[in-house]
Amino acid sequence: MKARITVTLKNGVLDPQGKAIEHALSGLGFDGVGQVRQGKVFDIELNGTDKAKAEADLKAMCDKLLANTVIENYSVTLT
């Protein structure tokens with residue numbers, strides 16, 4: 001089973017890296033780019049076929065290590 005976890009900063013949390021990317025895109029001539037927010041993606045392969053257990057394990061992984069839930073949101077997609 002494969003999973004993709006997408007972690008993004010919560011609304012209202014400052015994103016200096018996103019701001020730097022926004023500025024760099026403008027400097028490269030890409031006009032009309034609005035606000036840029038950066039995040040991270042994790043692709044994880046899991047053994048087994050129990051979807052409920054996989055979802056619970058992935059949520060625990062995010063809560064304990066992959067996301068700082070104070071300032072970040074995450075979403076999990078199983079394939």
Side-chain angles (χ1 to χ4, degrees):
M1 193 175 326
K2 294 183 180 181
R4 174 164 281 182
I5 298 169
T6 305
V7 180
T8 57
L9 289 169
K10 291 182 177 181
N11 289 335
V13 175
L14 294 178
D15 185 358
Q17 187 174 1
K19 196 67 170 166
I21 294 167
E22 181 183 329
H23 181 72
L25 289 172
S26 177
L28 290 171
F30 294 102
D31 297 327
V33 175
Q35 182 181 18
V36 176
R37 305 279 289 173
Q38 65 89 32
K40 51 193 169 189
V41 174
F42 300 94
D43 289 325
I44 299 176
E45 289 189 30
L46 300 169
N47 295 326
T49 58
D50 186 344
K51 188 175 179 180
K53 180 178 180 342
E55 288 175 345
D57 287 348
L58 290 163
K59 183 181 182 317
M61 290 176 201
C62 290
D63 290 337
K64 292 180 179 181
L65 177 67
L66 301 178
N68 177 348
T69 57
V70 174
I71 61 169
E72 294 175 319
N73 293 317
Y74 63 85
S75 64
V76 176
T77 306
L78 285 172
T79 57

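Values reported hereafter were calculated over all heavy atoms of this structure, with side chains retained and with hydrogens, waters and symmetry mates removed. In what follows, residues are counted from 1 in the order of the sequence shown.
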Using the salt bridge (Lys or Arg N to Asp or Glu O under 4.0 Å) rule, collect all pairs that involve residues 25-41, keeping only residues at least two apart or in two chains.
-> K40-E72
Which residues share a salt bridge (Lys or Arg N to Asp or Glu O under 4.0 Å) with D50, sequence neighbours left out = none
Using salt bridge (Lys or Arg N to Asp or Glu O under 4.0 Å) as the criterion, list what pairs up with K2, not counting sequence neighbours.
-> none
M1 and G48 have their tightest heavy-atom pair at CE-O, 3.5 Å
Heavy-atom side-chain contact between [X] and [Y] under 4.5 Å:
X	Y	result
N73	K10	yes
E55	V76	no
I5	L66	yes
M61	L46	yes

Answer yes or no: does atom CG of L14 have more than 12 heavy-atom neighbours from other residues, nucleotides or ligands under 6.0 Å?
-> no
Does CG belonging to D43 count more than 12 external heavy atoms closer than 6.0 Å?
-> yes
Is V36 linked to L28 within one hydrophobic cluster, defined over Ile, Leu, Val, Met, Phe, Trp and Tyr using a side-chain heavy-atom separation of less than 4.5 Å?
-> yes
Candidate list T6, D63, T8, test side chain to side chain donor-acceptor pair (under 3.5 Å), partner Y74, passing option | D63
